[in-house]
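Since the structure comes first, as structure tokens, the remarks are kept for the end.
Just so you know, these numbers come straight off a predicted model, no measurement behind them.
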Amino acid sequence: MNLLIDIQSNLLAITNSHDLVELLGFPFMQRAIIGAILMGILGGVLGCFVTLRQLSFFSHAVGHAALVGVALGVLLNINPTWMLLPFTLIFGVIVLYLIDKTDLASDSILSIVLSGALAIGVILTSMIKGYRGNLMAVLFGDILAIDAIDLILTLLVLVGSGIFLLSTLRAQILLTLNPDVAQVQGVPVKLYRYGFVILLSLAVAVAIKAVGVLLVNAFLVIPSATAKMVTHQFSWFLLMSVLVGSSSSIAGIMVSGVFNVASGPSIVLVQFLVFVVVFSWVKLGIKAA
């Protein structure tokens with residue numbers, strides 16, 4: 001494993017465009033690009049609803065609490081991905097249940113549960129002895145390390161999300177804009193809310209390996225926030241969010257290869273720079289008008 005990481009690090013120390021073309025011929029780079037496209041589309045689609053429903057803190061909490069699943073996977077010598085999927089799913093559903101069953105504000109519930117989960121995760125992490133490469137990779141992300149199983153899981157979550165959201169799109173939009181009206185119109189609000197939380201939790205789990213626990217929320221929020229500044233028409237909003245998510249992911253991988261830096265932070269950095277450019281353009285456009 002260490003040898004593979006060293007080989008990849010050396011390969012990524014490129015200095016010109018010819019080296020970059022050669023790099024694209026390696027299977028791990030091809031998997032990374034495919035994964036970037038899939039995760040960019042997934043993040044763009046779900047991120048639209050996350051932004052409009054003000055669930056950014058929810059995805060943030062699920063992502064950070066996933067540290068428990070990562071630590072358990074390392075301690076039990078199990079692939080962290082297989083621990084992340086059930087843990088984030090259960091965590092997301094429990095948090096939504098607590099929000100529904102208590103009089104406390106949702107941000108209070110999220111803060112409480114997130115703090116407890118982080119405390120448990122830190123304690124479990126301190127119990128890990130020896131090499132912690134797997135743990136660090138999941139914490140900070142390494143899209144170059146994704147394998148065929150990760151791609152299949154991402155594709156399954158993407159297909160499931162697409163079927164669920166697009167087949168109920170009008171009801172989802174109504175639920176997003178006014179839950180009370182959606183309830184009166186006969187929309188199964190609770191079913192759709194829990195269904196979306198399940199998909200969001202799974203999306204966080206599959207994206208963590210690429211961008212890391214610490215940055216996964218940005219991966220969901222920044223592309224949709226960028227698209228939202230440009231258009232108020234939902235169809236264009238959705239399309240632009242997907243385009244920003246997937247294209248910035250690919251660009252982030254290229255930046256990672258050119259400068260030999262971590263891929264997860266590189267992707268989020270590109271997304272952030274795109275957000276800043278669009279924000280500046282929109283502001284300047286408004287002033288010019």
Side-chain angles (χ1 to χ4, degrees), residues 8 11-12 14 17 20-51 59 63 81 84-85 137-138 140-166 199-200 202-212 215-227 230 235-259 261-275 277-278:
Q8 291 182 355
L11 288 171
L12 289 176
I14 59 179
S17 58
L20 180 58
V21 172
E22 289 185 351
L23 182 62
L24 294 176
F26 290 97
F28 74 86
M29 193 66 175
Q30 295 168 0
R31 289 194 298 268
I33 292 176
I34 295 173
I37 295 173
L38 293 177
M39 292 179 189
I41 296 173
L42 179 61
V45 171
L46 293 180
C48 289
F49 294 94
V50 168
T51 302
S59 58
T81 301
L84 280 172
L85 288 170
V138 177
F140 299 102
D142 185 8
I143 197 170
L144 300 176
I146 63 176
D147 53 27
I149 294 178
D150 296 314
L151 293 179
I152 293 173
L153 290 175
T154 304
L155 180 61
L156 289 175
V157 176
L158 175 59
V159 172
S161 300
I163 293 175
F164 176 73
L165 293 174
L166 296 181
L199 292 174
L200 179 59
L202 293 175
V204 169
V206 298
I208 279 176
K209 191 169 184 179
V211 294
L215 296 173
V216 68
N217 186 56
F219 189 77
L220 286 166
V221 174
I222 295 179
S224 59
T226 303
V230 178
S235 58
W236 282 106
F237 172 42
L238 183 63
L239 177 60
M240 292 191 66
S241 179
V242 168
L243 290 176
V244 171
S246 55
S247 60
S248 61
S249 298
I250 297 174
I253 295 176
M254 298 300 116
V255 170
S256 173
V258 170
F259 296 101
V261 293
S263 56
S266 298
I267 291 173
V268 175
L269 176 60
V270 171
Q271 293 179 341
F272 172 73
L273 292 176
V274 171
F275 174 84
V277 170
V278 172

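Using a distance-only test at 3.5 Å, with no hydrogens or angles considered, no donor-acceptor pair links the side chain of S241 to the main chain of F237.
Applying the salt bridge (charged side-chain N to carboxylate O under 4.0 Å, His left out) definition to pairs two or more places apart or across chains, none involves residues 235-253. Among pairs with a residue in residues 145-158, those fulfilling salt bridge (charged side-chain N to carboxylate O under 4.0 Å, His left out) read D150-K209, at least two apart in sequence or across chains.
In terms of heavy-atom proximity, S224 sits nearest to C48 at CB-N, 3.7 Å. Nearest heavy-atom pair, V261 versus S266, reported as atom, atom and distance to 0.1 Å: CG2-OG, 3.2 Å. Of all heavy-atom pairs spanning A218 and Q271, the tightest one is O-OE1, 3.7 Å. Of all non-hydrogen atoms in I253 and A36, the two that sit nearest each other are CD1-CB, 3.6 Å. Between L42 and A203, the closest heavy-atom pair is CD2-CB, 3.8 Å. The shortest non-hydrogen separation linking A32 to I146 is CA-CD1, 4.0 Å.
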Derivation of the side chain to side chain contact (heavy atoms under 4.5 Å, CB included) call for V206 and L85: CA-CA 7 Å; V206 298; L85 288 170; 4.0 Å; yes
Worked check of side chain to side chain contact (heavy atoms under 4.5 Å, CB included) between I37 and S249: CA-CA 7 Å; I37 295 173; S249 298; over 6 Å; no
Verdict with supporting geometry, V159 and L155, side chain to side chain contact (heavy atoms under 4.5 Å, CB included): CA-CA 6 Å; V159 172; L155 180 61; 4.1 Å; yes
Trace of the side chain to side chain contact (heavy atoms under 4.5 Å, CB included) decision for L46 with S161: CA-CA 8 Å; L46 293 180; S161 300; 4.1 Å; yes
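Crowding of F164 atom CZ: a count of heavy atoms from other residues, nucleotides or ligands under 6.0 Å exceeding 12.
Using a 4.5 Å heavy-atom cutoff, the side chains of V268 and I222 are in contact. Counting heavy atoms from C-beta on, the side chains of V255 and L269 never come closer than 4.5 Å.
Among the candidates V277, L243, V221, V278, the single residue satisfying the side chain to side chain contact (heavy atoms under 4.5 Å, CB included) test with T226 is V278.
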